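Take a look at the structure below.
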Amino acid sequence: MPAVSDSHAYRASLLWFPDSHSDRIHFESDGLLVTERGEDGIARIKAIGSYTSLYPQYIRLPLTDWRGRWIAPGFVDTHIHYAQTDVIGSPADGLLPWLNNHTFPQETRFADPSHARAVASFFFDELKRHGVTTALTFATAHSASVDAFFNEAQSRQLRMISGRVLQDRHSPDGLRDRSTAQSLDETEALIQRWHGVDRLGYAITPRFAPTSSEAQLRGAGELAAAYPQTWVQTHVAENADEIRWVAELFPESRSYLGVYESMGLLRERSVYAHCLHLDASDRDLMSERGAAAAVCPTSNLFLDSGLFDFNLAQSHQLKHALASDVGGGTSFSPFHTMHAAYTVARQSLGKTGHSLGAEHVWWLHTAGAAAALGLDGVCGNLNPGCDADFILINPRATPLLARRTAAADSLQAQLFAMVVLGDDRLIEHVVINGR
Ligand code: GUN
Ligand code: ZN
């Protein structure tokens with residue numbers, strides 16, 4: 001009999017990925033999910049299965065009856081900027097004018113800790129409304145923005161990853177690092193302050209090659225080697241003008257990705273946003289090094305950056321997973337991102353006569369996203385041992401969803417209807433760390 005204290009059972013339909021490396025969903029229409037809190041304060045999944053088979057073992061536990069609803073893993077967003085919450089929906093003629101006219105001015109405001117705290121609080125409310133329980137997040141080039149983010153995440157008991165942005169050139173006053181050495185010292189101090197505290201993780205965060213000197217990128221690579229359990233996050237090969245600029249700034253480099261490679265930034269737990277305009281060698285290199293691509297379809301459509309090639313990513317075995325990229329991205333909603341990913345994938349996979357199934361895009365935003373971050377078995381899934389971070393879905397949340405899901409003749413058809421029609425209205429509850 002499991003410990004009764006702070007253990008809990010939930011009766012609902014259950015959706016999860018028994019093998020976190022595969023998109024095959026197990027759906028239990030009358031299921032039981034049992035959670036138990038460890039001595040470290042983290043609530044984890046203790047058992048999952050059919051109600052009739054499991055309930056006799058857990059009869060003494062408090063039971064929440066959510067029949068008629070679905071429990072699914074919390075979504076994992078592999079690339080988002082919390083400081084761009086107020087940038088969402090700012091149109092521009094492409095990436096570089098968007099950065100200069102909208103993004104940099106907003107991020108400059110995060111030198112003020114009270115502004116950073118207020119935005120962090122709103123941001124986490126928004127993630128929760130949309131069922132996102134873990135995110136790999138850019139802060140800004142101010143240590144205070146990272147402290148605000150992690151303090152808020154810690155008080156909400158979230159599993160979150162973030163880092164101070166490194167940018168020591170081609171950036172406005174107030175955002176540009178005045179001292180390269182200091183930016184790296186601050187990064188190391190933040191790693192020591194936050195990485196591995198509760199469920200928080202640190203990501204070494206050079207913004208992108210054009211806004212870092214070679215010394216700053218090299219220093220970031222040295223930190224990435226000294227702290228191999230931290231993450232690395234940056235942007236690569238997003239936009240044609242950006243790529244031309246990188247070629248001018250780093251004429252010796254074989255490719256844009258090659259700049260990061262030569263600085264020691266390509267390794268497991270390194271996550272590269274966009275990866276639109278890579279060549280075959282780049283894709284092979286990322287795959288060999290265990291680096292992952294964060295695919296940001298709503299952002300790429302909004303900024304007219306290009307289309308991620310799912311066909312080539314699959315054939316080169318390049319790890320990839322979904323991301324909102326708010327504020328270039330147009331929505332916090334994983335449903336909007338999955339829908340956009342499906343649509344974009346038709347362009348590349350269509351040539352081969354395939355498309356992405358609803359299970360696959362769902363996996364790319366949950367268990368597959370956790371795997372891309374090196375967190376399989378930890379979050380984004382409901383197998384025993386995973387964190388108790390999950391969402392409650394009402395498949396009949398809107399009149400059209402009710403009509404469409406009732407008419408669907410298979411799990412795949414129901415999931416597809418949700419991917420295409422879904423948004424925050426589908427998310428009825430979010431359980432974070434078992435609460
Ligand atoms: N490249 C460098 N910075 C950014 C950013 O903030 N958003 C996007 N989409 N691309 C970038
Ligand atoms: Zn981004």
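Atoms within a ligand are numbered from 1 in the order they appear, just like the ligands themselves. If you're wondering where the values come from, they're calculated on a predicted model, not measured in any experiment.
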Below a 4.0 angstrom heavy-atom separation, can you tell me which part of [X], side chain or backbone, both or neither, approaches ligand 1?
{"X": "Asp325", "result": "side chain"}
{"X": "Glu242", "result": "neither"}
{"X": "Phe302", "result": "neither"}

- Query: According to the ring-ring contact (aromatic ring centres under 6.0 Å, His included) rule, which pairs have a member within residues 331-353, sequence neighbours left out?
  - Reply: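 Those involving residues 331-353 are Phe75-Phe335, Phe123-Phe332, Phe335-Trp362, Tyr342-Phe416.
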- Message: With ring-ring contact (aromatic ring centres under 6.0 Å, His included) as the rule and sequence neighbours excluded, what pairs involving residues 198-221 come up?
- Response: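 Residue pairs passing ring-ring contact (aromatic ring centres under 6.0 Å, His included), neighbours aside: none found.
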- the Zn ion (ligand 2): protein N, O or S atoms that are less than 2.8 Å away, sorted by chain: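 The answer is His79 NE2, His81 NE2, His235 NE2, Asp325 OD1.
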- Query: Taking N or O atoms only and a 3.5 Å limit, does Glu107 qualify as a polar contact for ligand 1?
  - Reply: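 The answer is no, given that Glu107 and ligand 1 share no N or O pair closer than 3.5 Å.
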- Task: Test Trp194 against Asn151 for side chain to side chain contact (heavy atoms under 4.5 Å, CB included), laying out the working first.
- Result: CA-CA 9 Å; Trp194 292 111; Asn151 276 316; 3.3 Å; yes
For the residue pair [X] and [Y], establish whether any side-chain heavy-atom pair is separated by less than 4.5 Å.
{"X": "Arg156", "Y": "Lys128", "result": "no"}
{"X": "Ser270", "Y": "Leu265", "result": "no"}
{"X": "Leu276", "Y": "Asn239", "result": "no"}

- Within less than 4.0 angstrom of ligand 1, does Trp98 place any heavy atom?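 Under 4.0 Å: yes for Trp98.
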Within a distance under 4.0 Å of any heavy atom of [X], pick out the atoms of ligand 1 and give their elements.
{"X": "His81", "answer": "5 (C), 6 (O), 7 (N)"}
{"X": "Phe208", "answer": "1 (N), 2 (C)"}
{"X": "Gln84", "answer": "5 (C), 6 (O)"}

- Sort out for me which residue in Phe27, Trp16, Phe390 forms a ring pair (Phe, Tyr, Trp, His ring centres under 6.0 Å) with Trp70.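 Result for ring pair (Phe, Tyr, Trp, His ring centres under 6.0 Å) with Trp70: Phe27.
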- Message: Can you tell me which residue among His354, His320, His360 is in a ring pair (Phe, Tyr, Trp, His ring centres under 6.0 Å) with Phe310?
- Response: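 In the set His354, His320, His360, the residue that makes a ring pair (Phe, Tyr, Trp, His ring centres under 6.0 Å) with Phe310 is His320.
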- Per the side chain to side chain contact (heavy atoms under 4.5 Å, CB included) rule, which among Thr205, Leu373, Ile161, Val165 passes with Gln233?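 Option passing the side chain to side chain contact (heavy atoms under 4.5 Å, CB included) with Gln233: Thr205.
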Sequence neighbours left out, cut at 3.5 Å: what donor-acceptor pairs do the side chains of residues 293-300 make with other protein atoms?
| residue | atom | partner | partner atom | Å |
| --- | --- | --- | --- | --- |
| Thr298 | OG1 | Thr330 | N | 3.0 |
| Ser299 | OG | Asp325 | OD2 | 2.7 |
| Asn300 | ND2 | His274 | ND1 | 3.0 |

- With rounding to the nearest 0.5 Å, note down the distance linking CG in Asp112 to NE2 in His142.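 If I round to the nearest 0.5 Å, the distance is 10.0 Å.
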- Query: Among protein heavy atoms, which sits nearest to atom 3 (N) of ligand 1, and what does the distance come to when rounded to 0.1 Å?
  - Reply: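 I find the closest protein heavy atom is Arg207 NE, 2.9 Å.
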- Identify the closest protein heavy atom to atom 10 (N) of ligand 1: which residue and atom is it, and at what distance?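 Of the protein heavy atoms, Glu238 OE1, 2.7 Å lies nearest.
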